[in-house]
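Here's a structure for you.
Values below: all heavy atoms of this structure, side chains included; hydrogens, waters and symmetry mates excluded.
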Amino acid sequence: MAAAPSESPDAAGAGPSALSIYKAARRIKRRESTLYNALRSVADDATFVAEIAALWPALPLVANLRCGLWYAPPRALAATCYFKSTDGHAGNWAFSTARLNLHLALLAGERGGCIIVDSTRRGKRFPDSMSKTIPIWCCVLNRAIERHRLQTINRGSGVDLDMSAAVPNREAGKTFGASNWDNSVHLPVWVLDTERNAIEGRIEEWTTQFESCGADIHSLALSLQKPLRPLWISQKTCIWLNEVPELESWDFTPIILVSASASGAIATQRMTSEFSWHYIPGAGDDEESWARGLTPTLFWKHSYDLLDGGPDLCNQLVADIVEKDRVYRAHRGEHSPQITAKPFKCTSHDGPFSNGDHTSIMQPMHSDPPTITATDKQNSIDGHILFWIGTSNIAVASTLQVGDALAEVDCILNCDSTSNLPSTSSENSYLELPIVGSKDDRFSLMKNLPKAVSFANRNLIAGKKLLICCQNGKASIFHHLKWLTRIVLML
């Protein structure tokens, strides 16, 4: 009697029994997570955001990058901010001195508060950026402002003239009195007590870091007459429209955190007059995986066409819009970097950076402090290459390609502890710091920054030419050398 053939999940035309639950779930998710479903979900959630913004029309609407940009038309946004959820993950709480968002605090002080929009895909009502990162930020700024004001009072003159001019006399005592300034941590009720206690135990440490990073706390103290305090609103929040409080009735500056999406973890079927579609919570998150090059600005510019076209035409419409926008911008040079790096050979010695094979980085007029951009590989394979920053006395380079270019500079800030640069100069003209990439140690730059800035400041004031270098060349230009040179140029 012949043996029955064994069933194989890899057999051709495998039946339903060969399809695992995991593969079936992934197939359903891919079918539902289409571009049209994502855009329709974003537009649906944006309606909710607009309704909340209308409750306090005087407050500016701010998008938390990058997800929050999708949930409001660009014309409705007063600004953007950048608070990362990773800084609020359990056990990884942090106050980022690289993302201070001081413009947001100044805006809130000027307008009496602000509304921040963001979303999350993970089935939560709020992303961790809203649950913990922003509350930590509010508390640290409040404590730093309180300390600054107390120090001003303790210097013997009470409230200084600038502050008293910025605050009405009848409010001065209440505003600057320590007992009336709320510096406690305000976290949502769903944060566990263990997390709450751990965060509260580190607030003083973060406040000290904030005070030592060089932030303009005096301007914050002038702008904020009431302490910052977060409030949370989601699609499950119940708001009685006849009891919406007036801004003047609050004894704090509200930072209203609006989570745009419904918190359901599973996509649900929804209907319109023409099409049915699946709702995706937090659809605006992780745009690289679904947007196909579409940006929030392009979406809102063409939203009616994209949504009215339906799921069958959506992909082609997006492709056409993205391509037309690319051509439009390319013809007008809008994708050109602020700083263009072009190698040139010059035999004259008229300018300070004209001797030898130099790569000059030209800075446009009336621009921000320059960002450094890498050039093509052909620009850095022959001979030594120094990337000079505008008309400053600062250059950056890779320690692997510096070569004889060391003779063209007066001092060196070496961020590569593994290199063997010839160090014949004195300690005043050579400093070696073990700065590594952010993936290896995200605090490496911050720990070494004071020494680096002090060294650069001392030599630049003396009129010396400074070279900042590290091992990985172009990568360094895009990472820590970019921030280091920006700070040095603003000295």
Determine the minimum heavy-atom distance between Leu59 and Cys114, stating which atoms define it.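 For Leu59 versus Cys114, the nearest heavy atoms are CD2-N, 4.0 Å.
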Tell me whether the rings of Phe210 and Phe95 are parallel (<30°), tilted (30 to 60°) or perpendicular (>60°).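 Aromatic pair Phe210/Phe95 classed perpendicular.
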Partner of Ile256 by side-chain contact (heavy atoms from CB on, under 4.5 Å), out of Ile116, Val117, Ile115: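 Looking at Ile116, Val117, Ile115, the match for Ile256 under the side-chain contact (heavy atoms from CB on, under 4.5 Å) is Ile115.
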Is it the case that Ser234 and Ser259 place a side-chain donor and acceptor less than 3.5 Å from each other?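 Ser234 vs Ser259: no donor-acceptor pair found between side chains.
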Donor-acceptor contact present, side-chain Thr207 to main-chain Ile203, <3.5 Å: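 Side chain of Thr207 to backbone of Ile203, a donor-acceptor pair under 3.5 Å: yes, one is there.
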Whether the side chain of Glu287 engages the backbone of Thr295 through a donor-acceptor N/O pair (distance < 3.5 Å, no angle test) should be reported.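 Checking the backbone N and O of Thr295 against the side chain of Glu287, no donor-acceptor pair under 3.5 Å is found.
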For a quick test of reading the model, state the closest non-hydrogen atom pair linking Pro135 to Leu187 and the distance between them.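 That would be CB-CD2, 3.6 Å.
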Do Arg143 and Glu211 meet the salt-bridge criterion of a basic N to acidic O distance under 4.0 Å?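 Looking at Glu211 and Arg143, the cut-off is not met.
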Determine whether a donor-acceptor pair (N or O, by modelled atom type, separation under 3.5 Å) exists between the side chain of Asp182 and the backbone of Pro227.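 It does not hold such a pair.
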Decide salt bridge (charged side-chain N to carboxylate O under 4.0 Å, His left out) for Glu248 and Lys226; before the verdict, give the C-alpha distance in whole Å, the side-chain angles of both, and the deciding distance to 0.1 Å. CA-CA 11 Å; Glu248 293 76 12; Lys226 301 176 183 179; over 6 Å; no
Between Asp87 and Arg99, is there a salt bridge with N-O shorter than 4.0 Å?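 Between Asp87 and Arg99 there is a salt bridge, with a charged N closer than 4.0 Å to a carboxylate O.
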For the backbone of Lys451 and the side chain of Ser454, can you confirm whether one donor and one acceptor N or O come within less than 3.5 Å of each other?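 Between the backbone of Lys451 and the side chain of Ser454 there is no qualifying donor-acceptor contact (under 3.5 Å).
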Does the side chain of Ser129 pick up a donor-acceptor pair with the side chain of Asp118 at under 3.5 Å?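 Note: Ser129 and Asp118 side chains meet the donor-acceptor criterion.
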Ile412 CD1 to Asn459 CG distance, which is reported to the nearest 0.5 Å: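 Here the interatomic distance stands at 11.0 Å.
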Can you give me the closest heavy-atom contact between Thr133 and Gly88, atom names plus distance?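 The answer is OG1-N, 3.2 Å.
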Between Asp128 and Ser131, is there a side-chain donor-acceptor contact under 3.5 Å, judged purely by atom types and distance?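 Side chains of Ser131 and Asp128: no pair found under 3.5 Å.
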Measuring from atom CG of Asn64 to atom CG of Asn101, what distance do you get when rounded to the nearest 0.5 angstrom?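 Here the rounded value is 7.5 Å.
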Side chain Trp232, main chain Met130, donor-acceptor under 3.5 Å: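 Checked: pair present.
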Ala72 to Leu77 - nearest heavy-atom pair and separation: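 Taking every non-hydrogen atom into account, CB-CD2, 3.9 Å.
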Tell me, with the steps shown, if Thr120 and Ser85 meet side-chain contact (heavy atoms from CB on, under 4.5 Å). CA-CA 10 Å; Thr120 181; Ser85 289; over 6 Å; no
Taking Thr152 for the side chain and His148 for the main chain, is one N or O donor matched with an acceptor at less than 3.5 Å?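 Yes, the answer is positive, given that a donor and an acceptor are paired below the 3.5 Å cut-off.
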Is Lys465 salt-bridged to Glu408, cutoff N-O under 4.0 Å?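 Judged by the 4.0 Å cut-off on N to carboxylate O distance, Lys465 and Glu408 do not form a salt bridge.
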Verify, without hydrogens or angle tests, whether Arg121 (side chain) and Gly282 (backbone) share a donor-acceptor contact under 3.5 angstrom.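 Looks like yes, one N/O pair under 3.5 Å.
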Using a 6.0 Å distance limit plus a 45 degree cone around the ring axis, check whether Arg149 lies over the aromatic ring of Trp181.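 So Arg149 does make the cation-pi contact.
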Looking at Asn457 and Val453, would you say the former's side chain and the latter's main chain have a donor-acceptor pair under 3.5 Å?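 Judged by distance alone, no pair lies under 3.5 Å.
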Where is the tightest heavy-atom contact between Ser429 and Phe455, given as atom of each residue plus distance?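 Minimum heavy-atom contact is C-CZ, 3.6 Å.
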Sub-3.5 Å donor-acceptor pair from the side chain of Arg66 to the main-chain atoms of Tyr82, do we have one?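 It does not hold such a pair.
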Is it true that Trp290 and Trp70 have ring centroids separated by less than 6.0 Å?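 They qualify: ring centres under 6.0 Å apart.
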Considering all heavy atoms of both residues, which atom of Ser261 and which atom of Ser119 are nearest to each other, and what is their separation?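 For Ser261 versus Ser119, the nearest heavy atoms are OG-OG, 2.7 Å.
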Distance-only, no hydrogens or angles: does the Ser223 side chain make a donor-acceptor pair with backbone N or O of Leu220 under 3.5 Å?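 Side chain of Ser223 to backbone of Leu220: no pair is present.
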